[in-house]
**Student:** 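Can you read through this structure? Questions will come right after.
Numbering of ligands and ligand atoms starts at 1, following listing order.
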Amino acid sequence: MSTSRRKFIKISALGLGGVVASTSALNFVGSKSYLNELVAQNVIKKLKKTATYCEVCFWKCAAWTYSDEQGNIKKIIGNETDPHCYGRLCPRGTGGVGMYSDEDRLKTPLIRTIVDGEETFKEVSWDEALDLIASKFKQIKSSYGAESIALLKHGSPGKHLEHLFKAFGSDTIAEPAYAQCRGAREAGFALTYGSWVGSPEPTDIRDTKCLVLIGSHIGENMHNTQVQEMSEAIDNGATIITVDPRFSTAASKSKHWLAIKPATDIALMLAWMNVLIEEGLYDEDYVKRYTTGFNELKDHVLNFTPEWAYGITTIKPEEIRKTARAMANAAPSVIVHPGRHVSWYGDDTQRARTVAILNALLGSWGRRGGFYFKESIKVPKFPSPKYPHPKWDWKNICEKYPMAQMGITTEVIRAAIPNKENKYPVKAMMVAGTNITKSIPEKELLEKAMNEMEFIVVMDTMPMDVTGYADVVLPECTYLERYDGIRSATNRTPSIAVRVPAVQPKYNSKPGWWVAKQIGERLGLGDYFNYNDYKEVIEWQLEQMGTSLEEMNKIGVKHYPRKSGPLYLKEGENYEFPTESGKIELYSKELKNLGFDPLPNYTKHPEPPQGFYRLNYGRAPMHTFSRTANNPNLNDLKSENNLWVNPKVARIIGLRNGQEVWLRNQDKITSTFGIKVRVTERVRWDSVYMVHGFGHDNKKLSRAFGKGINDTQMISKTMVDPIMGGTGMRGNFVEILTEDPHKTLEV
Ligand SMILES: Nc1nc2c(c(=O)[nH]1)N[C@H]1C(S)=C(S)[C@@H](COP(=O)(O)OP(=O)(O)OC[C@H]3O[C@@H](n4cnc5c(=O)[nH]c(N)nc54)[C@H](O)[C@@H]3O)O[C@H]1N2
Ligand SMILES: Nc1nc2c(c(=O)[nH]1)N[C@H]1C(S)=C(S)[C@@H](COP(=O)(O)OP(=O)(O)OC[C@H]3O[C@@H](n4cnc5c(=O)[nH]c(N)nc54)[C@H](O)[C@@H]3O)O[C@H]1N2
Ligand code: SF4
Ligand SMILES: [Mo]
């Protein structure tokens, strides 16, 4: 097969008619005051109120959608009783209505076709699209096995498709929210405590006396309750210590900002351990009772003094000692936050281990103001036949990485590239709710794999970049227009929330559950989809859980009592951790047996060559990854990203605030678009910074097209975590170009 079989098609090739929707800016004065305003104006009484949970990010805040008699969504407001939001949505959740009203949405199914020798998409009926998918799936199953069809997914639609795939016989499933996000953290904590941190993180921020943020930029990272609890903790006098090479929003609220040299965090943490142990500040009783390997750790960190770390991290020894003492002072009500997007430098599981060990020395796991013991309630599974047993699955593809506990997207994608040694070839793929062209770096790998695959289906709400690879594009309706699975919250106490459609699906879009059922039936898997409407599934489950859809429509969130015991350890309690030793494993025999360092070590990472700067990226409060860049309400608040540049660098290169520049990375990849400079002391002189998710190159995204630079385009070099296969993305270096490189080329 020729490698250029599949031409990348931009949906702009189509003349889809657009319905003009309101783009008026929403008033982001905070949900509660807005609610009061509506109540005062007597508006709210006339509006219909529907229960939902937010899908703008994966914190899944429970909310109320208010719509009028004509079916227009007027407002989305947080559910007061929800432990994920305490009645307040973040700006993105409030602006979620823009996902519904965006006139650039995918409107009808599309099939790749050839017109006058040119590949393009044609609009088709659902039947035509679904029939094609089913016949291709059957054909690929008979040639290679169902295992050869992979699913890449994120969010609610993924759950429905996962059911379809497992019923069909494929567990070749992965998501960027693992290997490109929090996978290394989960591996590091699982190795130490025997369990994942999980989402939402069981950090008892509300009651903490000291919160240590290591590259966790809460405040820009808008994970709702963490932001709210952090602000409460600050009001209550908690000490905030932020370790970040950039003066983040969190750093601006901190007593101590440690402007660490990028990629040196493990050295800082080893020095903190050294101080805690040498000065006898660690929780001796906790360590004795609950941990194993303390003596090995003590010997290990003996020489990692603050003076040693100073030379590596650029943080003064006195500052290291002062902050270590501040943590010990607050202990056990102290949290060294595990972070979330931790795929940074390739030694990320070891960095997560360092964080985990520090918390153990401080005795914060299972303590008030540290980490609480979380609990959730199990949602009963709707009756359905057993899944067949696949001959191989994602685990086989990822076997090179012993601690991979979920599918690694990059490995699953690589498996599509023919290779004699590859016993587990991927031949087709379905992508749902994930924009892999922006969330997975290594464009070359992606393009090669996409070209090789025999069939690709993309289900999205928007004509995102990833649709360009598809043979079939399916328009899912937004979360405001559909039922989805019951959200079971893992929190201080268990609770559930439901998602009920507030309005009918716009255009010719359909819910993900419906798509899964339709494909399933065409594949002869009707028994797995024994309902006409997903509503029936929820109704059945709710009944098992002692409630009903009627009740849930009134309350949105239902709370259940805790059953697993207290939130924290009792004084002197004997507690068995789910590790092999039953203890917190400071020294990891498991890692040792696998041939890795049983105790974390600092390793030096490459530094930017002369004239280059380390590319740093992060979040903006009003956007989620690449998914909201075109959202009319959120685009109104921030339509492009900026390049943060230190004044010293600006002076050397001669840059002004607001000047447009382009970037070229160490592999000579030049940014497609330009970006405006923001000269600021808030970033170190050795790095530049931008918000992830901008620089869209599909014209069909009318508001987002060409706005800012796509950080992923500049990440061509990755550093893979040998323990769990995560994609370290922070080892790329860029030079700043003041002339438009594309213009120069044309001359
Ligand atoms: N360069 C770089 N890469 C990164 C990151 C970074 O900061 N920089 N962050 C990493 C992290 S932490 C994560 S978790 C991942 C996230 O990566 P992704 O999971 O790819 O996240 P999004 O960019 O939000 O892509 C979501 C896609 O789902 C679509 N979508 C939204 N709502 C729905 C829906 O209801 N149904 C369907 N079918 N589709 C929907 C959106 O239009 C979009 O195309 O990216 C990782 N990759
Ligand atoms: N508004 C908004 N909030 C979100 C999201 C979103 O898209 N939008 N996405 C959510 C998701 S899925 C995730 S995973 C989280 C991600 O958010 P977090 O886990 O909080 O953070 P990261 O993206 O890893 O890191 C960003 C911070 O790390 C700093 N940093 C860079 N290099 C280093 C280093 O070497 N050492 C240290 N100590 N710091 C460094 C950067 O300056 C930046 O402040 O955000 C979540 N919250
Ligand atoms: S944190 Fe914001 S975007 Fe995420 S679920 Fe909650 S309201 Fe929605
Ligand atoms: Mo993430």
**Student:** Identify, for atom 47 (N) of ligand 1, the protein heavy atom at the shortest distance, and state residue, atom and that distance.
**Tutor:** Ser439 O, 2.8 Å

**Student:** Give the numbers and elements of all ligand 2 atoms closer than 4.0 Å to a heavy atom of Pro621.
**Tutor:** 1 (N)

**Student:** If you measure only the distance, is there a donor-acceptor pair under 3.5 Å linking the side chains of Ser687 and Asn616?
**Tutor:** no

**Student:** Of the side chain and backbone of Trp59, name the one, both, or neither that has a heavy atom under 4.0 Å from an atom of ligand 2.
**Tutor:** neither

**Student:** Nearest heavy atom to atom 33 (C) of ligand 2 wins, so pick from Gly219, Pro245, Cys90.
**Tutor:** Pro245

**Student:** Could you find the nearest protein heavy atom to atom 19 (O) of ligand 1 and give me its residue, atom name and distance?
**Tutor:** His154 ND1, 2.4 Å

**Student:** Report whether any nitrogen, oxygen or sulfur of Cys85 sits less than 2.8 Å from atom 6 (Fe) of ligand 3 (N, O or S, backbone or side chain).
**Tutor:** no

**Student:** Can you tell me which residue and heavy atom of the protein come closest to atom 13 (C) of ligand 1, and the distance to 0.1 Å?
**Tutor:** Phe625 CE2, 3.6 Å

**Student:** Any nitrogen or oxygen of Ala263, main chain or side chain, under 3.5 Å from a nitrogen or oxygen of ligand 2?
**Tutor:** yes

**Student:** What do you reckon, does Phe58 put a non-hydrogen atom under 4.0 Å from ligand 2?
**Tutor:** no

**Student:** Taking the ring centre of each residue, are Tyr53 and His84 less than 6.0 Å apart?
**Tutor:** no

**Student:** Can you tell if the side chain of Arg614 reaches within under 4.5 Å of the side chain of Arg684, non-hydrogen atoms only?
**Tutor:** no

**Student:** For ligand 2 and Met622, I'd like to know whether there is a polar contact (N/O to N/O, distance under 3.5 Å).
**Tutor:** no

**Student:** Purely on distance, is any nitrogen or oxygen of Asp265 under 3.5 Å from one on ligand 2?
**Tutor:** yes

**Student:** Which of the numbered atoms in ligand 1 are under 4.0 angstrom from any heavy atom belonging to Met99?
**Tutor:** 31 (C), 32 (N)

**Student:** Does a salt bridge link Lys60 with Asp484, judged by any charged N lying under 4.0 Å from a carboxylate O?
**Tutor:** no

**Student:** Tell me: protein heavy atom nearest atom 23 (O) of ligand 1, and distance?
**Tutor:** Ser626 OG, 2.9 Å

**Student:** Under 4.0 Å, heavy atoms only, figure out whether ligand 1 is touched by the backbone of Arg182, its side chain, both or neither.
**Tutor:** neither

**Student:** Would you mind checking if Glu220 and Arg246 are paired as a salt bridge, meaning a charged N to carboxylate O distance below 4.0 Å?
**Tutor:** yes

**Student:** For ligand 1, which atoms sit closer than 4.0 Å to a heavy atom of Thr712?
**Tutor:** 1 (N), 2 (C)

**Student:** Please list, in number order, the atoms of ligand 1 under 4.0 Å from a heavy atom of Tyr617.
**Tutor:** 6 (C), 7 (O), 8 (N)

**Student:** Check Lys438 with Asp465, please: is the shortest side-chain N to carboxylate O separation under 4.0 Å?
**Tutor:** yes

**Student:** Counting heavy atoms only, which part of Cys181 comes closer than 4.0 Å to ligand 2: side chain, backbone, both or neither?
**Tutor:** side chain

**Student:** Measure the shortest side-chain to side-chain distance between Thr727 and Ile440 over non-hydrogen atoms and say whether it is less than 4.5 angstrom.
**Tutor:** no

**Student:** My understanding is that we take every heavy atom of each candidate and find the minimum distance to atom 17 (O) of ligand 2. Doing that for His337, His217, Arg340, which one comes out nearest?
**Tutor:** His217

**Student:** Where's the contact between Arg619 and ligand 1, heavy-atom distance under 4.0 Å: side chain, backbone, both or neither?
**Tutor:** side chain

**Student:** Heavy-atom distances under 4.0 Å decide this one: backbone, side chain, both or neither, for Lys60 against ligand 3?
**Tutor:** backbone

**Student:** Who's closest to atom 4 (Fe) of ligand 3 heavy-atom-wise, of Cys54, Pro200, Cys57, Gly96?
**Tutor:** Cys57

**Student:** If you measure every N/O of Ile218 against every N/O of ligand 2, is any gap under 3.5 Å?
**Tutor:** no

**Student:** What part of Met222 sits under 4.0 Å from ligand 3 if we count only heavy atoms: the side chain, the backbone, both or neither?
**Tutor:** backbone

**Student:** Given Arg730, His692, Gln713, identify the one with the heavy atom nearest to atom 8 (N) of ligand 1.
**Tutor:** His692

**Student:** Start with the C-alpha gap between Met690 and Asp711, add the side-chain angles, then the distance that decides, and say whether side-chain contact (heavy atoms from CB on, under 4.5 Å) holds.
**Tutor:** CA-CA 7 Å; Met690 69 173 74; Asp711 58 327; 3.7 Å; yes

**Student:** Pick, from Cys90, Pro621, Pro91, Gly93, the option with the minimum heavy-atom distance to atom 2 (Fe) of ligand 3.
**Tutor:** Cys90

**Student:** Measuring centre to centre across the rings, with the benzene-like ring taken for any Trp, is His341 within less than 6.0 Å of Phe625?
**Tutor:** no

**Student:** Number the atoms of ligand 2 from 1 as they appear, then name those within less than 4.0 Å of a heavy atom of Arg246, with their elements.
**Tutor:** 42 (O), 43 (C), 44 (O)

**Student:** Below a 4.0 angstrom heavy-atom separation, can you tell me which part of Ile715, side chain or backbone, both or neither, approaches ligand 1?
**Tutor:** side chain

**Student:** For ligand 2, which is the ligand I care about here, please tell me if Trp344 has any N or O atom under 3.5 Å from one of the ligand's N or O atoms.
**Tutor:** yes

**Student:** Using a 4.0 Å cutoff against the non-hydrogen atoms of Arg92, which atoms of ligand 3 qualify?
**Tutor:** 1 (S), 2 (Fe), 3 (S), 4 (Fe)

**Student:** Identify, for atom 37 (C) of ligand 1, the protein heavy atom at the shortest distance, and state residue, atom and that distance.
**Tutor:** Glu476 OE1, 3.2 Å

**Student:** Under 4.0 Å from a heavy atom of Thr624: which atoms of ligand 2 are those, numbered in the order shown and with their elements?
**Tutor:** 6 (C), 7 (O), 8 (N)

**Student:** Hey, is CD on Gln405 packed in by over 12 heavy atoms from elsewhere, all under 6.0 Å?
**Tutor:** yes

**Student:** Suppose I only count heavy atoms of Asp711 and a 4.0 Å limit; which atoms of ligand 1 are within that range?
**Tutor:** 1 (N), 2 (C), 8 (N)

**Student:** Give me the nearest non-hydrogen protein atom to atom 6 (Fe) of ligand 3 as residue plus atom name, then the distance to 0.1 Å.
**Tutor:** Cys61 SG, 2.3 Å

**Student:** Counting N and O atoms only, with roles assigned by atom type, does the side chain of His217 sit under 3.5 Å from a partner on the main chain of Arg619, one being a donor and the other an acceptor?
**Tutor:** yes

**Student:** Decide whether the shortest distance between a heavy atom of Cys57 and an atom of ligand 2 is less than 4.0 Å.
**Tutor:** no

**Student:** For ligand 1, which atoms sit closer than 4.0 Å to a heavy atom of Arg482?
**Tutor:** 34 (C), 35 (O), 36 (N)

**Student:** Among all protein heavy atoms, pick the one closest to atom 41 (C) of ligand 1 and tell me residue, atom and distance.
**Tutor:** Asp460 OD1, 3.4 Å

**Student:** Centroid separation under 6.0 Å, is that true for the rings of Phe705 and Phe673?
**Tutor:** yes

**Student:** Which ligand 2 atoms, with their elements, are less than 4.0 angstrom from a heavy-atom of Tyr345?
**Tutor:** 32 (N), 33 (C), 34 (C), 35 (O)

**Student:** Tell me which protein heavy atom sits closest to atom 39 (N) of ligand 1, plus the residue, atom name and distance to 0.1 Å.
**Tutor:** Gly433 CA, 3.4 Å

**Student:** For Glu229 and Tyr86, which I'm curious about, is there any donor-acceptor pair between the side chains at under 3.5 Å?
**Tutor:** yes

**Student:** At a non-hydrogen distance cut-off of under 4.0 Å, which region of Pro157 contacts ligand 1 (side chain, backbone, both, or neither)?
**Tutor:** side chain

**Student:** Under 6.0 Å between the ring centres of Tyr483 and Trp513?
**Tutor:** no

**Student:** Closest by any non-hydrogen atom to atom 43 (C) of ligand 2: pick that one out of Leu213, Val56, Asp244.
**Tutor:** Asp244

**Student:** Can you list the atoms of ligand 2 that are under 4.0 Å from a heavy atom of Ser216?
**Tutor:** 20 (O)

**Student:** Taking the six-membered ring of Tyr100, is NZ or CZ of Lys506 closer than 6.0 Å to its centre and within 45° of its axis?
**Tutor:** yes

**Student:** What distance do Arg353 atom CZ and Asp347 atom CG have between them, rounded to the nearest 0.5 Å?
**Tutor:** 13.5 Å

**Student:** Give the atoms of ligand 2, by number and element, whose distance to some non-hydrogen atom of His623 is under 4.0 Å.
**Tutor:** 1 (N), 2 (C), 6 (C), 7 (O), 8 (N)

**Student:** Just need the protein heavy atom nearest to atom 10 (C) of ligand 1, so name the residue and atom and give the distance.
**Tutor:** Gln180 O, 3.3 Å

**Student:** Check each of Thr478, Asn435, Thr461 against atom 25 (O) of ligand 1 and report the one with the nearest heavy atom.
**Tutor:** Asn435

